[in-house]
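First comes the structure, then the notes that go with it.
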Number of protein chains: 2
Amino acid sequence: MQLIGVLVYVCTMENDDIHIDFENSIGPWLGKTVKIIDYAFQEFLKYKGLDLTKEQMIVLKKLHDKNGLNQNELAFLTLRNKSSLTRLLSKMERKNYILRKQSTKDKRVNNVYLTQLGKEIFFKTKPIIEEMITDIESNISEKEKEQIINILKKIQSNFNSKIESL
Amino acid sequence: MQLIGVLVYVCTMENDDIHIDFENSIGPWLGKTVKIIDYAFQEFLKYKGLDLTKEQMIVLKKLHDKNGLNQNELAFLTLRNKSSLTRLLSKMERKNYILRKQSTKDKRVNNVYLTQLGKEIFFKTKPIIEEMITDIESNISEKEKEQIINILKKIQSNFNSKIESL
DNA sequence: TCCAATTAGTTGCATATGCAACTAGTTAAA
DNA sequence: TTTAACTAGTTGCATATGCAACTAATTGGA
């Protein structure tokens, strides 16, 4: 597992940047943290023997919350491009986790449903999600959790106005 | 720009999840924030007419900090797999931003250097990096910046032990 | 000295992703 | 009603990425 070395290294790495104070800015810290979490999640899924990516898991979860969402809605909820979603769903359909059903009201629309297998897979994945959440937040106080989420909300809103103005 | 709609939507979205408290956990907030930042960054680079991805920019920056790093070191510093780095460098070499030079001391090693063009591109990119950092941190106080970086460090260290124990 | 183990980098195969162009179905306006 | 504009989803082309298997070079131990 090559990346582990990388992660350990980076996490103990101090600022090596004397040109731009890049490593002491929020952005790079966010990026690294998410990379580490994503990697751990993927490892964890593999370790538990689940044939599933993090992205596919999120789709399963959204469908578990509300079965029959259409692809547009799923793309919105999972924060991805509709073409990316198309291909994600195709892979999941091939594995028989989900099912596309053309809407009778509007033939352009596909409603997406969990299959029995998809439900089972999600059921197996749920404790992993919960454990990931616990792991991320261990050693983090309730107050810190509030703090970080508030700061993240602020950052996001900074970019909403930014993107709209482009 | 399709994603903009997505971003605006998601950022005003409240917790729709009654099964697992996923949307009020740190993980998903981190993920969304990074996605938004990455997207804005990419848009910004395109807007400025730079033929460069965020990933390539990071490589340029690392080489600007220390020209002649080998691929192994670059992979470490940029937190990516060596095979991914190989291909990233190939694309950058094709664009004549960087140059691989085989080490005479150890013929297995490639030292990587910025070309003149690579230096120019980095020079043009630098203000964009600085503006991104400013954007991310606007409306964020110095104290909050410290807070979030500390929390992120804690989260990262949670996963160091986790990954090592797998 | 010579062979085994290690190391740096590449490549095949897989995933995920965005944009732009496309098809097909729907809506709205002339 | 008929056509233009829009919408949902797909596909081609591009990027980035990880793992495993590979090559070539180096190192270290018997």
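Residue numbering restarts at 1 for every chain, and letters A, B, ... go by the order of the sequence lines.
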(request) State the NZ-NZ distance between K32(B) and K153(A), to the nearest 0.5 angstrom. (result) 10.0 Å
(request) Provide, to the nearest angstrom, the distance between the CG atom belonging to L85(B) and the P atom belonging to dC19(D). (result) 15 Å
(message) Salt bridge or not between E43(A) and K46(A)? Use side-chain N to carboxylate O under 4.0 Å.
(response) yes
(message) I want to check one thing: is the phosphate of dG9(C), taken as OP1 and OP2, less than 4.0 Å away from some side-chain N or O of N110(B)?
(response) no
(request) Select base, sugar-phosphate, or nothing to describe what E73(B) touches, counting heavy atoms under 4.0 Å on all strands. (result) nothing
(message) Any carboxylate oxygen within less than 4.0 angstrom of a Lys/Arg side-chain nitrogen, looking at E144(B) and K154(A)?
(response) yes
(request) Report yes if a side-chain nitrogen or oxygen of S90(A) is closer than 4.0 Å to either non-bridging phosphate oxygen (OP1 or OP2) of dT10(D); otherwise report no. (result) no
(message) Within this structure, what is the OG1-CG distance for the pair T125(A) and L52(A), rounded to the nearest 0.5 Å?
(response) 5.0 Å
(message) Categorize T53(A) for me: base, sugar-phosphate, or nothing, with a 4.0 angstrom heavy-atom threshold over every strand shown.
(response) sugar-phosphate
(message) Does dA16(D) have its OP1 or OP2 closer than 4.0 Å to a side-chain nitrogen or oxygen of Q56(B)?
(response) yes
(request) Tell me which nucleotide among dG9(D), dT10(C), dA25(D) gets nearest to the side chain of D106(B). (result) dA25(D)
(request) Determine: side-chain N/O of K107(A) to OP1/OP2 of dT26(C), distance under 4.0 Å, yes or no. (result) no
(request) Quickly work out the R80(B) CZ to dT15(C) P distance and round it to whole Å. (result) 21 Å
(message) Let's test your reading of the model: under 3.5 Å, does the base of dG9(D) pair with the side chain of R100(A) as donor and acceptor?
(response) no
(message) Categorize L88(A) for me: base, sugar-phosphate, or nothing, with a 4.0 angstrom heavy-atom threshold over every strand shown.
(response) sugar-phosphate
(message) Quick one: does any side-chain atom of K101(A) pair with a main-chain N or O of G68(A) as donor and acceptor, under 3.5 Å?
(response) no
(message) Whole angstroms only, please: what is the CD-C1' distance between Q102(B) and dT7(C)?
(response) 14 Å
(request) Ignoring backbone atoms, test whether N81(B) places a side-chain nitrogen or oxygen under 4.0 Å from the OP1 or OP2 oxygen of dT17(D). (result) no
(message) Let me confirm one number: the CG-CD1 distance from L30(B) to I151(B), rounded to the nearest 0.5 Å.
(response) 10.0 Å
(message) Output the rounded distance in Å from NZ (K46(B)) to C1' (dA14(D)).
(response) 12 Å
(message) Could you tell me how far apart M92(B) (CE) and dT15(D) (P) are, to the nearest whole angstrom?
(response) 13 Å
(message) Whole angstroms only, please: what is the NZ-C1' distance between K82(B) and dT10(C)?
(response) 9 Å
(message) For dT7(C), does the base pair up with any side-chain atom of R108(B) as donor and acceptor (N or O, under 3.5 Å, distance only)?
(response) yes
(message) Closest-nucleotide mapping onto DNA chain C: is R87(B) or R94(A) further toward the 5' terminus? I mean the 5' end.
(response) R87(B)
(request) Using atom OH of Y47(A) as one end and atom C1' of dC19(D) as the other, report the distance to the nearest whole Å. (result) 20 Å
(message) Does dT10(C) have OP1 or OP2 under 4.0 Å away from a side-chain N or O of Q71(B)?
(response) yes
(message) I need the CG-C1' distance between N70(A) and dT10(D), as an integer number of Å.
(response) 15 Å
